[in-house]
Amino acid sequence: MKMNTYQTVIVGAGLTGITAARQLQDKRENILIIDKGRSVGGRMATRRIDGGKADHGAQFFTTRTVAFKQITAEWLEKGWIKHWFGDDHPRYASVDGMNALMKRYAEGLPAVLDKRITRIKKHDSGYELTDEQGQSVAIAEKVILTMPIPQITELLETSGMDVVPDLKNVDMTPVVAGLFSFETTPASEKGRIIGDFHEGIDRIIEHKEKGISDTPVATVYMTGEWSKKHFDHDAEETLSYIEQQAAPFFGETSIRTRQLKKWRYAETVNPLNTSTLKLAVGLWAAGDSFLRPEDEAGTTRCESAYLSGLDVAEAVVREQ
Ligand SMILES: Cc1cc2nc3c(=O)[nH]c(=O)nc-3n(C[C@H](O)[C@H](O)[C@H](O)COP(=O)(O)OP(=O)(O)OC[C@H]3O[C@@H](n4cnc5c(N)ncnc54)[C@H](O)[C@@H]3O)c2cc1C
């Protein structure tokens, strides 16, 4: 096999992409994952701030299916995650941040990071994936696209490929979040700052009490509706507004530093009713927006990403 030629290339190293890659590697496929980020993990993300750290994408995950319960049990056994809160409906969190969990999960997988794929072209030998500089990154018999659906659509369009209406119609909401470090730790229930939030605040999580940070750091998540309205506003003004609204819930402590994080594509309004989609021969789409038809929750979440990763890998193997 020639250099940079693979059986399957997976674009996106979030939970979906890593899961698909692991399944295919277990089947001895020659695979490669490519991600535009400097780390694996995608929306399962952690940021360092003022000597501490904060998750600023997914905070926890829940388990409804046997398959996701199985991998959750493995991660618990290895000490990678913990039961954070909730008895009837347990919420699991990473012991040291979601990014660290994803790094462990992706260990041993061949990956190219910091590389954005901007074109896919079909040749006789397979699909060629090209980066922003027009450089060929890889050639693969099969490709799995696991980015948020609007980014899949954009890639297909810039590559001159057809985009099925199912994908075009998918709508995703953004999330804007403010990260704050403190002098002393604000009161919370194991990191969950409880309050009667208004003016756009969705939830506030403090990470020292959550157990992943040496110093107190909180993430303030704004609602999808608020985030949509303010997404392109001035960063400093946005942060000041979030700080002003969240301050009453921080108590007596003072803020040391602050940062803004914006997710353009956070959650899907109208997820698809299929856990994977074949776009063309050897070209597949997957991700948290692709729900199994029997999905009970009906929402995009870590579990739907995991299941889609499993299902797309199986579909790719079956296609051979
Ligand atoms: C603010 C926020 C809070 C959340 N809270 C929760 C929660 O509490 N519980 C829960 O279960 N879920 C939560 N979620 C959802 C959860 O994070 C996602 O469902 C899951 O992480 C999605 O994984 P994925 O692999 O499908 O997609 P992603 O994690 O988005 O992975 C896609 C990857 O593709 C890469 N990529 C995109 N375009 C390109 C390109 N052109 N070339 C190369 N790489 C590319 C991206 O860098 C990214 O790493 C939250 C999400 C957000 C944003």
Side-chain angles (χ1 to χ4, degrees), residues 9-21 32-47 54-64 68 72 84-86 89 91-94 98-99 101-102 105-106 111-120 129-132 137-138 143-159 172-179 192 202-203 205 210 219-224 227 261-268 271 275-276 285-291 297 299-309 312:
V9 163
I10 299 113
V11 184
L15 182 54
T16 305
I18 299 171
T19 301
L32 179 72
I33 310 191
I34 303 171
D35 200 290
K36 68 180 169 66
R38 283 199 302 268
S39 171
V40 300
R43 279 171 278 164
M44 296 181 76
T46 312
R47 195 181 268 191
D55 287 328
H56 56 81
Q59 282 287 343
F60 62 77
F61 50 84
T62 49
T63 59
R64 286 180 172 80
F68 200 47
T72 298
W84 182 18
F85 68 93
H89 200 39
R91 270 52 158 214
Y92 298 97
S94 166
M98 288 299 201
N99 178 254
L101 171 65
M102 288 298 97
Y105 185 42
V112 171
L113 299 175
D114 213 0
K115 189 70 77 189
R116 182 195 294 268
I117 298 303
T118 53
R119 268 183 86 86
I120 299 185
L129 296 103
T130 311
D131 69 9
E132 284 163 303
V137 181
V143 173
I144 304 174
L145 304 175
T146 72
M147 312 89 96
I149 289 181
Q151 291 174 324
I152 294 182
T153 302
E154 190 189 329
L155 177 61
L156 294 174
E157 279 171 349
T158 54
S159 304
M172 292 187 77
T173 49
V175 164
V176 172
L179 280 70
R192 288 182 304 140
D202 182 34
R203 54 180 163 156
I205 306 295
K210 186 186 178 187
T219 304
V220 180
Y221 293 92
M222 304 308 278
T223 62
S227 301
K261 170 67 196 177
K262 299 202 277 187
W263 297 99
R264 187 171 289 281
Y265 303 114
E267 199 187 336
T268 308
S275 57
T276 177
D288 64 336
S289 308
F290 294 80
L291 304 188
T299 54
T300 54
R301 60 201 193 281
C302 296
E303 183 167 26
S304 63
Y306 179 77
L307 298 174
S308 180
V312 74

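Just so you know, these numbers come straight off a predicted model, no measurement behind them. Just the heavy atoms: all of them, side chains too, but no hydrogens, waters or symmetry mates, feed the values below. Atoms within a ligand are numbered from 1 in the order they appear, just like the ligands themselves.
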S.K.: Checking the side chain of T300 only, and the main-chain atoms of S289 only, is there a donor and an acceptor separated by less than 3.5 Å?
M.R.: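 The answer is no, because no donor-acceptor pair under 3.5 Å joins these two groups.
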S.K.: Which ligand 1 atoms are under 4.0 Å away from a heavy-atom of G42?
M.R.: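 The list of qualifying atoms is 29 (O), 48 (C), 49 (O).
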S.K.: At under 4.0 Å between heavy atoms, is it the side chain or the backbone of V175 that contacts ligand 1, or both, or neither?
M.R.: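 Side chain only.
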S.K.: Does E303, backbone or side chain, put an N or O under 3.5 Å from an N or O of ligand 1?
M.R.: no
S.K.: Under a 4.0 angstrom heavy-atom cut-off, which atoms of ligand 1 come close to W263?
M.R.: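 Heavy-atom distances to W263 below 4.0 Å select 1 (C), 53 (C).
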S.K.: For the side chain to side chain contact (heavy atoms under 4.5 Å, CB included) test, which of R91, R203, M44, M98 pairs with Q59?
M.R.: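 The option that passes is R203.
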S.K.: At under 4.0 Å between heavy atoms, which part of Y221 makes contact with ligand 1: side chain, backbone, both or neither?
M.R.: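 The side chain, only.
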S.K.: Looking at non-hydrogen atoms alone, which of Y306, F61, F60, F290 comes nearest to atom 9 (N) of ligand 1?
M.R.: F60
S.K.: To which protein heavy atom is atom 40 (C) of ligand 1 closest, and what is the distance rounded to 0.1 Å?
M.R.: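 Ranked first by proximity to atom 40 (C) of ligand 1 is I117 N, 3.8 Å.
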S.K.: What protein heavy atom sits nearest atom 23 (O) of ligand 1, and how far off is it?
M.R.: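 Looking at atom 23 (O) of ligand 1, the protein heavy atom closest to it is A305 CB, 3.6 Å.
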S.K.: Could you please spell out the steps behind the ring pair (Phe, Tyr, Trp, His ring centres under 6.0 Å) verdict for F61 and F68?
M.R.: CA-CA 10 Å; F61 50 84; F68 200 47; 5.3 Å; yes
S.K.: If only side-chain N and O atoms count, and only distance matters, is there a donor-acceptor pair under 3.5 Å linking S227 with Y221?
M.R.: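 Distance-only check fails for Y221 and S227.
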S.K.: Among all the protein's non-hydrogen atoms, which is closest to atom 14 (N) of ligand 1, and how far away is it?
M.R.: A58 CB, 3.8 Å
S.K.: Are any non-hydrogen side-chain atoms of I117 and L155 less than 4.5 angstrom apart?
M.R.: yes
S.K.: Do T16 and T146 get their side chains close enough for a donor-acceptor pair, meaning under 3.5 Å?
M.R.: no
S.K.: What is the closest protein heavy atom to atom 24 (P) of ligand 1, and at what distance does it sit?
M.R.: T16 OG1, 3.4 Å
S.K.: Quick check: does R43 get an N/O under 3.5 Å from an N/O on ligand 1?
M.R.: yes
S.K.: Counting from 1, what ligand 1 atoms have a heavy atom of G287 closer than 4.0 Å?
M.R.: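 Within the 4.0 Å cut-off of G287, ligand 1 contributes 26 (O).
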S.K.: Relative to atom 18 (C) of ligand 1, which among T118, D288, T146 owns the nearest non-hydrogen atom?
M.R.: D288
S.K.: Just wondering, more than 12 heavy atoms not from E157 lying within 6.0 Å of its CD?
M.R.: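 Enclosed.
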S.K.: Backbone N or O of V40 within a donor-acceptor pair of the N99 side chain at under 3.5 Å?
M.R.: yes
S.K.: Quick check on contacts: which atoms of ligand 1 are under 4.0 angstrom from a heavy atom of G12?
M.R.: 33 (C), 34 (O), 35 (C)
S.K.: T46 side chain to A54 main-chain N or O, any donor-acceptor pair under 3.5 Å?
M.R.: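 Not a single qualifying donor-acceptor pair exists.
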S.K.: Taking non-hydrogen atoms only, is R203 closer than 4.0 angstrom to ligand 1 via side chain, backbone, both or neither?
M.R.: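 The part of R203 near ligand 1 is the side chain, not the backbone.
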S.K.: Heavy atom to atom 46 (C) of ligand 1, shortest distance: which of T19, V11, D35 holds it?
M.R.: D35
S.K.: Side chain or backbone of Q151 under 4.0 Å from ligand 1, or both, or neither, by non-hydrogen atoms?
M.R.: side chain
S.K.: Report the relative orientation of the aromatic rings in Y306 and Y105; use parallel for angles under 30°, tilted for 30 to 60°, perpendicular for over 60°.
M.R.: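 Tilted, since the angle between the ring planes falls between 30° and 60°.
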S.K.: Just going by heavy-atom distances, which of P148, A266, A177, C302 is nearest to atom 51 (C) of ligand 1?
M.R.: A266
S.K.: Which of the atoms in ligand 1, numbered in the order shown and given with their element, are less than 4.0 Å from a heavy-atom of G14?
M.R.: 25 (O), 29 (O), 31 (O)
S.K.: Could you tell me if any non-hydrogen atom of R91 lies under 4.0 Å from any atom of ligand 1?
M.R.: no
S.K.: For ligand 1, indicate whether the residue K115 contacts it via side chain, backbone, both or neither (heavy-atom separation under 4.0 Å).
M.R.: backbone
S.K.: When you compare the side chain of V175 with that of E267, does any pair of heavy atoms fall below 4.5 Å?
M.R.: no
S.K.: Would you say S308's side chain and A305's backbone share a donor-acceptor pair under 3.5 angstrom?
M.R.: no
S.K.: Can any side-chain N or O of W263 pair as donor or acceptor with the backbone N or O of H56 at less than 3.5 Å?
M.R.: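 Yes, the answer is positive, given that a donor and an acceptor are paired below the 3.5 Å cut-off.
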